[in-house]
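Please read the structure below before turning to the comments.
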Amino acid sequence: MIGKRDSMLTTKQISELLRVSEETVRRWIRTGELHAEQDGKGYRVDELALKRLVDEKSQIPGTALNKILPIIQDMFGPEAAQFAKSNVFDPLQATMQSSETTATPEASKASMEAELARLKRKKRRLELEHELKLLDIEEQIASMERKQQS
């Protein structure tokens, strides 16, 4: 268990690492985007969970992690953008590779269960968002039909 605790990060460490506010990190935890364990009044996040979040966020257009790399590339060139990606946005890469090889079966199972739960929450959230959009469209259709009949 000591080894697992060493690979856990606080919200403060994550905010400093990713250059975001602690509130942003806590919001990711509250919304289920980032799996964390309660640690007293704070949270601790597994490095693998953080790595997955960074990978996801860096692929989404419009996120801060995605927006800054093109700016760095425009201002300083592709080498600087690659340097920023590997040293700022993906600073856990070397740690991840070493921790993945030494992960215990229990840690791997717990990590997989956490990821499965996160994906199920994400799926449900998308289903609800989709349902809301359908209801909105149905309301617009009904309104237009009423206007057409008048």
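Quick note: numbers below take in every heavy atom, side chains included, and nothing from hydrogens, waters or symmetry partners.
- Residue Glu139 places its CD atom among 12 or fewer non-hydrogen atoms of other residues, nucleotides or ligands, all under 6.0 Å distant.
- Remark: Met112 CE to Leu119 CG distance equals 10.5 Å, nearest 0.5 Å.
- Residues Ile14 and Val25 approach most closely at CG2-CG2, 3.7 Å, considering heavy atoms.
- Counted within 6.0 Å of CD on Glu23, heavy atoms from surrounding residues, nucleotides or ligands total more than 12; the atom is thus considered enclosed.
- In this structure the side chain of Arg44 never reaches within 4.5 angstrom of the side chain of Leu9, judged on heavy atoms.
- Separation of atoms CZ (Arg125) and CD (Glu129) is listed at 6.0 Å; rounding is to 0.5 Å.
- Across all non-hydrogen atoms, the minimal contact from Ala36 to Val45 is CB-CG2, 3.7 Å.
- Distance check, rounded to the nearest 0.5 Å: OG1 of Thr24 to CD of Glu33 gives 10.5 Å.
- Contact between Gly42 and Gln38 at its shortest, heavy atoms only, is O-NE2, 3.3 Å.
- Between atom CG of residue Asp136 and atom CD1 of residue Ile141 there is a gap of 10.0 Å, rounded to the nearest 0.5 Å.
- Within the 4.5 Å cutoff, side-chain heavy atoms of Leu17 are placed close to those of Leu50.
- Ion pair Arg124/Glu131 not flagged as a salt bridge, since none of the NZ, NE, NH1 or NH2 atoms sits closer than 4.0 Å to an Asp/Glu carboxylate oxygen.
- Here the side chains of Tyr43 and Glu37 are not in contact, with every heavy-atom distance at 4.5 Å or above.
- Side-chain atoms of Val20 and Trp28, non-hydrogen and from C-beta on, do get closer than 4.5 Å to each other.
- Gly32 and Arg121 get closest at one heavy-atom pair: O-NH2, 3.5 Å.
- Between Gln140 and Met144, every side-chain heavy-atom pair lies at or beyond the 4.5 Å cut-off.
- Minimum heavy-atom separation, Glu22 to Thr11: OE1-OG1, 3.1 Å.
- Using a 4.0 Å cut-off between charged nitrogen and carboxylate oxygen, Lys123 and Glu127 count as a salt-bridge pair.
- A heavy-atom distance below 4.5 Å is found between the side chains of Glu16 and Lys12.
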